[in-house]
Every structure is written in C-alpha cells, then in structure tokens.
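Taking it in order: structure first as structure tokens, then the write-up.
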Amino acid sequence: MSKGLPKRSEDYSLWYNELVKKAGLAENSAVRGCMVIKPYGFAIWEKMQQSLDKMFKDTGHENAYFPLFVPKSLFEAEEKNAEGFAKECAIVTHYRLKNDPDKQGKLMVDPNAKLEEELIVRPTSEAVIWNTYKNWIQSYRDLPLLINQWANVVRWEMRTRLFLRTAEFLWQEGHTAHATKQEAIDETKQMLEVYAEFAENMMALPVVKGVKTESERFAGAEDTYCIEGLMQDGKALQAGTSHFLGQNFAQAFDVKFADKEGKLEHVWGTSWGVSTRLMGALIMTHSDDNGLVLPPKLAPIQVVIVPIYKGEEGLAKVTEKVNELKKQLTSNGISVKYDNRDAFRPGAKFAEWELKGVPLRIAVGERDLENGTVEISRRDIEDRKEAKKIVNMDNVLEEVQGLLNDIQDNLHTKALNFRVENTREVNSYEEFKEVLESKSGFISAHWDGTAETEEKIKQETKATIRCIPFDSKLEEGTCIYSGKPSKQRVLFAKAY
RNA sequence: CGGGGUGUGGCGUAGUCCGGUAGCGCACUCGGCUGGGGGUCGAGGGGUCGCAGGUUCGAAUCCUGUCACCCCGACCA
C-alpha cells in the first residue's frame with residue numbers, strides 16, 4: 001500500500017482516480033474502456049442492489065432477464081431510440097474464428113462466418129424487451145406489466161472514467177407497460193421517488209428531482225425525470241433517470257391490448273435505470289483527503305477492530321475480549337472485521353481502513369483491558385483527534401449503534417449543506433458566467449424554454465440544464481441569455 | 001477522429017539526447033527486535049525494457065511499423 005492520496009483541492013479528478021484504485025474498488029482492465037470491479041467495490045454495489053431490488057419488489061416489480069444482443073432490425077424499430085444510441089454501439093458481425101494461415105499460432109476472423117444480420121450489443125434493452133412484450137400482452141388483464149432486469153450494457157464511449165463512464169457498465173433497467181397514460185406517468189414518478197429515497201436514505205446523497213429538457217431527454221421518451229446530485233468539486237451528476245415512453249415503443253413494436261370494451265389500443269410504457277455510476281456519486285459525495293468515506297448503510301464493513309498488543313500472549317489476551325465484542329455486534333446485525341494481521345502495525349492498519357472508508361474503527365489494547373475501555377474512531381470526521389473517543393467496554397454496542405446512525409445522518413447533512421451553499425440564483429448572464437467560473441455548483445436561473453438558447457449557453461460555458469426541478473416555483477422572469485420572458489427557474493451546472 | 005504525452009519487476013520511476021548487456025523507492029519472502037497513527041535491522045526472490053521488424057560485433061537507447069494507455073478537444077448515463 002503506497003502512502004498518500006492527491007489532495008482534492010489540488011487535482012480533484014486525480015484524487016478520484018487514485019482513490020478508486022487505492023481503496024480497492026476498481027481498476028482499469030486489459031479491455032479498452034472497461035473496468036474490473038474488485039471485491040470491495042463489488043460488495044458496495046451488491047449492497048446497493050439488495051436495497052434497490054427490495055424497493056422494486058415492494059412496488060410490485062419482478063425480475064427477468066433479456067438477451068445481451070439485439071438484432072439490428074429490432075434495434076432500429078423505434079427510430080429515435082436507435083438514432084440516439086447509434087453512434088455508440090458495439091456490433092457483432094461474425095460468429096467464428098479460425099487459424100491465421102499467415103501467422104503461426106494466431107487467430108483471425110473467419111470471413112466465411114459472417115452473420116446474416118448483425119447483432120447490436122445492447123446499449124439499453126427497450127428493443128428486445130418491447131419485442132417480447134408484444135407476445136406477453138393481449139388483454140388489459142395482462143397489465144400492468146412490471147419487469148426489472150439487472151444486466152450489463154455497452155456504450156462505446158470515447159473517453160472513460162472508472163465508474164462514472166465506462167464502455168461496459170452494470171445497471172438495472174425497469175420496463176413497464178400500462179393500460180393508461182396516467183398510470184404510466186404515475187409509474188415513472190413513483191420510480192423516480194424510489195431512486196430519490198434510495199439516494200437520500202441509503203447513500204446519504206441529497207438529490208434534486210426534476211424533468212429533463214427536450215435535448216437532454218432519453219432517446220425515444222416523451223419525458224425524462226431525473227435525480228441530480230452535486231459533487232464536491234461543484235459538478236453535477238445524474239444519479240438516476242425514469243422515462244415516460246408514451247406509446248412510442250408500443251407503436252414501434254405493435255404492442256396492443258384489448259380493453260374492457262374489446263377495443264384494441266397501444267399500451268403506455270416506462271423505463272427507468274440506475275447504474276454503477278452510483279458508485280462514482282457515492283465516492284465523490286462523501287470522501288475526503290484521507291480516502292473513502294462510506295455511509296454505514298452501504299459499507300461492507302461497518303466496524304473494524306484493530307488489536308494493539310505486544311507479543312503473542314498480548315494478542316491472545318486482546319483477541320479473547322475482541323471475540324466477545326465482535327459476537328455481540330455481529331448478532332445485532334452489524335458487520336465487523338477483526339484485523340488481527342500480525343504483519344502490520346496499528347498505524348498502518350488505521351490508515352488502510354481509513355482509505356477504505358470503514359465508518360467505525362475500534363482499537364482494543366492491553367491498556368484497555370485493564371481500564372475496561374475501548375477507543376472508537378468515526379470516519380466521517382476528518383480531524384483524527386476529534387474523531388476519537390474512549391468508551392466503556394460495556395457500552396460498546398449502544399455506542400456503535402448510535403454512532404452508525406449518527407454518521408449516516410451527518411454525511412447526509414454535510415452533503416445537503418454543501419449543496420445548499422453551492423446552489424445560487426443568478427439573474428444575468430454576466431453573473432451566470434462569473435459564478436460558473438469562480439464557484440461552480442448549481443445555478444438557478446431563468447430560461448426561455450428554447451433548445452437554441454440552451455445549446456448556446458452550453459457551447460459558451462459548458463454548463464447544461466440539469467433539470468427543471470419539480471419544486472421550482474412559478475415566477476415571472478426573463479431569460480438570462482435571450483431576455484425573453486420565462487415562467488420559472490431551471491437548474492444549470494457543469495456535469496459529469 | 002484531431003493535438004500533446006507515456007509505455008522499463010506488482011506499483012512508481014532513473015537510464016534514452018551521446019548504443020556496451022538494467023538501477024532506485026515502495027510492495028513481496030524469510031528471520032530478529034518492535035507494537036496506542038503509515039516501525040526498524042539483516043538476508044533474499046522477481047524484469048523477453050509495450051509488440052514486430054530493421055541497422056550494428058553489440059539496442060531499453062538509433063530507424064520503420066504497430067498496439068495500448070493518459071491528458072486536451074469534438075460525443076455521452
């Protein structure tokens with residue numbers, strides 16, 4: 001383990017990359033743009049999955065699995081969707097390799113094994129799924145159809161970053177079909193609420209809920225709702241999206257149902273997804289210059305216990321006590337790691353578990369055994385002295401339970417304060433540019449509602465409209481760019 | 001795809017200009033002392049110098065080609 005992480009204030013993106021690697025979350029692979037998610041990182045993702053999966057099931061959804069490949073003819077059926085993803089598709093054209101006659105021991109694509117129809121590696125699964133739904137839906141009695149799948153998708157990105165943008169990523173995609181427009185819209189909103197609740201409660205990530213503008217909308221959707229978070233460097237990150245698809249896919253794939261009167265109608269659709277990008281959001285929201293900071297609810301290890309001892313007998317004595325503590329904590333649903341590796345001294349272990357973001361560390365030494373105490377240190381306080389306190393051995397369980405709750409709340413509060421402090425209303429384009437340059441963050445400003453203005457602002461400042469927040473009040477104003485009338489403020493930011 | 005840069009033990013690098021058979025730090029292995037914030041001493045193991053050609057008595061170093069990665073742009077969850 002090499003020492004030292006770059007400072008956030010000096011080079012935020014270097015800090016992020018190094019942190020991801022050094023904390024053992026993920027690393028680059030032999031495959032261009034694709035990452036290896038390491039066990040510790042995957043354990044966090046699994047906790048996210050478990051929690052989201054339960055929320056999906058609780059709202060009536062079932063899991064299923066659809067193919068990785070999409071025949072080109074299916075893919076292009078919904079034109080806007082196909083067009084939107086066309087530029088970033090991986091395509092399978094052949095199904096066989098053979099020995100290269102010119103190069104000993106090398107393989108080549110067998111030109112005789114060309115597929116009659118190319119297969120697109122799914123960048124998203126609407127096409128296959130709606131093609132399937134056609135067969136599943138005949139009557140209003142088949143509706144609503146509420147399906148989710150956990151899968152990998154591929155989008156051939158030019159520039160990639162661990163978790164934030166990789167060519168292959170893991171996600172879940174929900175795809176539902178409904179008898180009425182209103183029901184589909186309600187579903188779209190409900191799932192956005194699920195995402196928001198997950199982000200706030202589990203990830204301690206405060207998010208803004210809103211609607212995307214037309215140019216930021218999902219290709220093939222009528223409306224895209226989103227949750228947006230603000231990272232510590234003042235850039236916004238889209239953490240989840242939920243789409244009202246109207247009847248676009250139903251029409252493209254001829255998915256009709258007979259209503260109670262026996263009349264045939266197209267169904268109404270939604271889709272919604274969150275990806276391993278959430279890992280990036282989690283990392284960038286809470287972590288500090290000492291390393292990762294994980295909210296207790298998603299931490300694979302909530303408490304690490306480090307023994308402090310001299311000699312084998314010392315370790316044996318401490319271990320005896322630690323085993324009691326560990327049993328007590330574990331039986332109360334707390335995940336505990338006892339780091340009894342003899343090869344490292346306590347200081348090195350402290351640093352390592354800090355880097356890995358374990359919420360609580362308990363140090364138990366021979367001195368503690370005499371005094372009947374332990375030292376508990378919380379990860380969410382950056383100052384190492386302030387983070388520590390000495391606790392009576394008998395109170396460890398309730399202390400730990402209390403502290404874990406405290407940390408979860410504190411992380412959320414800190415992140416929320418940061419967002420509030422970094423959300424600014426501006427009323428002129430000058431001010432807009434000034435804020436963007438000096439402070440970044442969310443900027444709440446009036447916009448005339450046209451794609452042209454949005455595009456101009458994007459070109460000139462790199463800031464985009466993240467969303468039109470649901471809670472944006474109606475108020476008369478003038479567009480900061482064009483001076484035309486506007487009825488409400490929208491949220492701008494530079495984004496990941 | 002344009003512009004810039006880098007490929008040398010697991011990681012980070014020196015050496016490349018000016019060719020002479022690869023060095024350092026971290027990590028690793030073994031042993032000792034140590035142990036309340038990244039210990040220390042000693043002994044050891046590990047490298048087709050991205051890949052393929054070429055020049056040369058001799059190539060990490062020079063030449064040609066090629067691949068990969070990083071940064072900056074154009075595109076994006």
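Every chain is numbered from 1, with letters handed out A, B, ... down the list of sequences.
When the P atom is used for both B:G23 and B:C18, the distance is 24 Å, rounded to whole Å. Comparing B:A52 with B:G45, their P atoms sit 28 Å apart, to the nearest whole Å. B:A60 and B:G7 are spaced 11 Å apart, taking the C1' atom of each and rounding to whole Å. Of the P atoms belonging to B:G38 and B:G32, the separation is 23 Å, rounded to the nearest Å. The gap from the P atom of B:U16 to that of B:U48 amounts to 22 Å, rounded to the nearest Å. B:U13 and B:C75 have their C1' atoms separated by 35 Å, with the value rounded to a whole Å. Of the C1' atoms belonging to B:G42 and B:U8, the separation is 29 Å, rounded to the nearest Å. Here the separation of B:U61 from B:A22, taken at their C1' atoms, is 12 Å to the nearest Å.
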Pair up each side-chain donor or acceptor in residues 42-51 of chain A with any protein partner under 3.5 Å, not counting sequence neighbours, and list the distances.
unit_1	atom_1	unit_2	atom_2	d
A:Lys47	NZ	A:Ala299	O	3.4

Less than 3.5 Å apart, which donor and acceptor atoms pair up between the side chains of residues 157-167 of chain A and the rest of the protein, not counting sequence neighbours?
unit_1	atom_1	unit_2	atom_2	d
A:Arg161	NH2	A:Ser13	O	3.4
A:Thr166	OG1	A:Glu168	O	2.8

All N/O donor-acceptor pairs, side-chain side in residues 219-229 of chain A, below 3.5 Å, sequence neighbours left out:
unit_1	atom_1	unit_2	atom_2	d
A:Glu222	OE2	A:Asn248	ND2	3.1
A:Thr224	OG1	A:Phe218	N	2.9
A:Thr224	OG1	A:His243	ND1	2.8
A:Glu228	OE1	A:Arg466	NE	3.2
A:Glu228	OE2	A:Lys212	NZ	2.7

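On a pure distance criterion of 3.5 Å, no polar donor-acceptor pair joins the side chain of A:Lys349 and the base of B:G35. The base of B:G37 is paired with the side chain of A:Arg361 by a donor and an acceptor separated by under 3.5 Å. A donor and an acceptor atom never sit less than 3.5 Å apart when one is taken from the side chain of A:Asn290 and the other from the base of B:G38.
If you check every strand for non-hydrogen atoms under 4.0 Å, A:Gly311 touches a base. Residue A:Asp11 is out of contact with every strand shown, counting any heavy-atom pair closer than 4.0 Å.
For the pair A:Glu354 and A:Arg384, the salt-bridge criterion is met [side-chain N within less than 4.0 Å of a carboxylate O].
Applying the salt bridge (Lys or Arg N to Asp or Glu O under 4.0 Å) test to A:Lys72 and every residue at least two apart in sequence or in another chain returns A:Glu76. By the side-chain hydrogen bond (donor to acceptor under 3.5 Å, both in side chains) test, A:Lys321 is found to be paired with A:Glu324, residues two or more places apart in sequence or in another chain being considered. Applying the side-chain hydrogen bond (donor to acceptor under 3.5 Å, both in side chains) rule to A:Trp447 yields no partners; only residues at least two apart in sequence or on another chain are considered. The salt bridge (Lys or Arg N to Asp or Glu O under 4.0 Å) search around A:Lys38 returns A:Glu27, not counting sequence neighbours. A:Asp11 is linked by a salt bridge (Lys or Arg N to Asp or Glu O under 4.0 Å) to nothing, counting only residues two or more places apart in sequence or in another chain. In this structure, A:Arg345 has no side-chain hydrogen bond (donor to acceptor under 3.5 Å, both in side chains) partners at least two apart in sequence or on a different chain.
Nucleotide B:C70 holds its P atom 14 Å from the OH atom of A:Tyr16, rounded to whole Å. For the pair A:Lys388 NZ and B:G37 P, the computed distance is 6 Å after rounding to whole Å. With rounding to whole Å, A:Phe344 atom CZ is found 17 Å from B:G37 atom P. Nucleotide B:G12 holds its C1' atom 9 Å from the NZ atom of A:Lys22, rounded to whole Å. As a whole-Å value, the separation of A:Leu355 CG from B:G38 C1' is 11 Å. Between A:Leu315 atom CG and B:G35 atom C1' the separation is 11 Å, expressed in whole Å. Between A:Glu312 atom CD and B:G35 atom P the separation is 15 Å, expressed in whole Å. Rounded to whole Å, the distance from NZ on A:Lys21 to C1' on B:C69 is 10 Å.
Between A:Phe492 and A:Phe442, the distance from one ring center to the other does not fall under 6.0 angstrom. Note: A:Phe56 and A:Trp272 meet the aromatic proximity criterion, with ring centroids under 6.0 Å apart.
Taking only side-chain atoms of A:Ile308, from C-beta outward, the nucleotide of B:C70, B:G37, B:G35 with the closest atom is B:G35. Checking B:G35, B:G38, B:G37 against the side-chain heavy atoms of A:Ser377 singles out B:G37 as nearest.
Looking only at side-chain heavy atoms (C-beta outward), A:Ile443 and A:Leu491 stay at 4.5 Å or farther from each other.
Applying a 4.0 Å cut-off to non-hydrogen atoms, the residues of residues 366-374 of chain A that approach RNA chain B are A:Glu366, A:Arg367, A:Asp368, listed by residue number.
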Counting primed atoms, P, OP1 and OP2 as sugar-phosphate and everything else as base, the B/S/- map of nucleotides 71-77 of chain B against protein heavy atoms under 4.0 Å is -SSB-BB
Taking Watson-Crick (N1-N3 plus N6-O4 or O6-N4) and G-U wobble (N1-O2, O6-N3), each under 3.5 Å, can you produce the dot-bracket string of RNA chain B? Use [ ] for crossing pairs and | for inter-strand ones. ((((((((.[[[[.)....(..]]]].((((((.....)))))).....[[[[[..)....]]]]])))))))....
